[in-house]
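These values consider heavy atoms only, across backbone and side chains, with no hydrogens, waters or symmetry-generated copies. To find a chain, count down the sequence lines: A is the first, B the second, and so on, and within it residues start at 1.
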There are 2 protein chains.
Amino acid sequence: MKKQFAADQAYERIRDAIYDGVYPSGERLTEVQMAEELQMSRTPVREALKRLGEEGLLKNKRVLAPTEKEFIDTFDVRRLLEGHAAARAAAYMTIPEKEELRACVTHAENGQLEERMYWNKQFHEKLVTASGNEVLIEAVSRMEAIVYLFRQTVVYEQRPGLLEEHHAICDAIDAGDRELADTRMKDHLDNDLQFALRMRK
Amino acid sequence: MKKQFAADQAYERIRDAIYDGVYPSGERLTEVQMAEELQMSRTPVREALKRLGEEGLLKNKRVLAPTEKEFIDTFDVRRLLEGHAAARAAAYMTIPEKEELRACVTHAENGQLEERMYWNKQFHEKLVTASGNEVLIEAVSRMEAIVYLFRQTVVYEQRPGLLEEHHAICDAIDAGDRELADTRMKDHLDNDLQFALRMRK
DNA sequence: AACACAAATAATGTATACATTTTTATTTAT
DNA sequence: ATAAATAAAAATGTATACATTATTTGTGTT
């Protein structure tokens, strides 16, 4: 077990708390309060808050409250990047990698809600990671915060068609069809977006 | 004139110094030394260095030394994003915006090296900004550091064909041809990449 | 009640001190 | 001479103090 700096702990704990809805969108996080709660001095907390700010989870000290536009804009970029990742995967993924990817979908099919969330997330992550392009990976992961915070609900994981679409993407990749993989990923994300938007109403 | 925090000044000064080659790639920047040079305490310097780290200009305390792969990967993503921005521009840019964009190219044609650099940069910036997609804008700007540091030289601004390509992109946008604008931007960036890679040898 | 202003309270930004960790320099052993 | 081990030096991470800014609260006015 590696020793963790207080600043890192603070970062992780606050981040998780935000994701868990402990601090709702719009709430202001102050250094003193956080320091109090985490039982450490302001210094590491301050560092953690700054980092959360840079990563977009806080917007001048308040928990990000993503607007519909921000969400749409995020997907506009995401579909580009993940579509590209899918195309690359179709061209360069190794057989074992393809199998792992497919396994994500089947595991999701068989698992309960908790597991299903995990494997769906893994699916996208594996796909992007397989590109081997650090810049791409970084860019995608940077957008997770908004996505996560916007659709506060988890119902999304039950969206009809979701798993079928993941399968379809796998099929395109297995077939080595770049174009098709790209298109299917983009369509998939479009569906996700539409569904999430509808859920908010 | 707005008052600046010491941390902000530190950030800007160190960043500019890195860009100006004062601290060469690979050099280690320590808090104490920077604090000394900037005549302030370690606290704001530390904050600045952390920020520079998050933005990719420092990689555990050392000035980023981009590898060829990183550079290529960056362009792989850039062409996606800027290509998309060009396509959007073709579809949605207003006449005055189109004129401003074209002006960037003509200004570059008529200016000296310094100006030319400025206007070429403006060209790309205007194009991306016109998308109105904050996420996209942010993503593109995040990649500037690597691009800038990798091609330490400025010769790049003299690349044969560069201005013609900018014009060609403008033409496609003026014509409202999304596909073509996208392709031309991608080709343009591909050329940039190839040229930069060749320069390094 | 809504507004403007003043006083108070609280939060931030910076400097500094100190313990710990990391780097560098030096010594010792093979 | 090279490598391992140790000692010395330097740099980092955290806590704390204090001055400065923001924010809130309270008061009086229309």
So does B:T30 reach the base of D:dA11 with its side chain, donor to acceptor, closer than 3.5 Å?
no
In whole angstrom, what separates [X]'s [atom1] from [N]'s [atom2]?
X     : N      : atom1 : atom2 : value
B:Q4  : C:dT14 : CD    : P     : 10 Å
B:M34 : D:dA10 : CE    : C1'   : 15 Å
B:E31 : C:dC18 : CD    : P     : 18 Å
A:K61 : C:dA11 : NZ    : P     : 12 Å
B:L49 : C:dT14 : CG    : P     : 14 Å
A:Q39 : D:dT16 : CD    : P     : 12 Å
A:R46 : D:dT21 : CZ    : C1'   : 13 Å
B:Q9  : C:dG13 : CD    : P     : 14 Å

B:S41 vs C:dA15: side-chain N/O to OP1/OP2 distance below 4.0 Å
yes
Between A:K50 and C:dT12, is there a contact of a side-chain N or O with OP1 or OP2 at under 4.0 Å?
no
On DNA chain D, check which nucleotide each of A:D8 and A:R42 is closest to and give me the residue with the more 5' one.
A:D8
Can a salt bridge be assigned to the pair A:K186 and A:D182 using a cut-off of 4.0 Å between side-chain N and carboxylate O?
yes
Does B:K126 come within less than 4.0 Å of B:E100, counting only side-chain N to carboxylate O?
yes
Donor-acceptor pairs under 3.5 Å, side chain of residues 18-38 of chain B to any protein atom, not counting sequence neighbours: which ones?
residue : atom : partner : partner atom : Å
B:Y23   : OH   : B:E37   : OE1          : 2.8
B:S25   : OG   : B:L64   : O            : 2.7
B:T30   : OG1  : B:Q33   : N            : 3.1
B:E31   : OE1  : B:R42   : NE           : 2.9
B:E31   : OE1  : B:R42   : NH2          : 2.9
B:E31   : OE2  : B:R46   : NE           : 3.2

Under 3.5 Å, side-chain donor or acceptor atoms of residues 6-13 of chain B against the rest of the protein: list the pairs with distances, not counting sequence neighbours.
residue : atom : partner : partner atom : Å
B:D8    : OD1  : B:R51   : NH2          : 3.0
B:Y11   : OH   : B:E55   : OE1          : 2.6

Selected nucleotide, minimal atom distance to [X] side chain, candidates [options]:
X     : options                : result
A:R28 : C:dG13, D:dT14, D:dT23 : D:dT23
B:F5  : D:dT16, C:dA15, C:dT14 : C:dT14
A:V32 : D:dT12, C:dT12, D:dT16 : C:dT12

Should the heavy atoms of other residues, nucleotides or ligands under 6.0 Å from NZ of B:K59 be counted, would the total exceed 12?
no
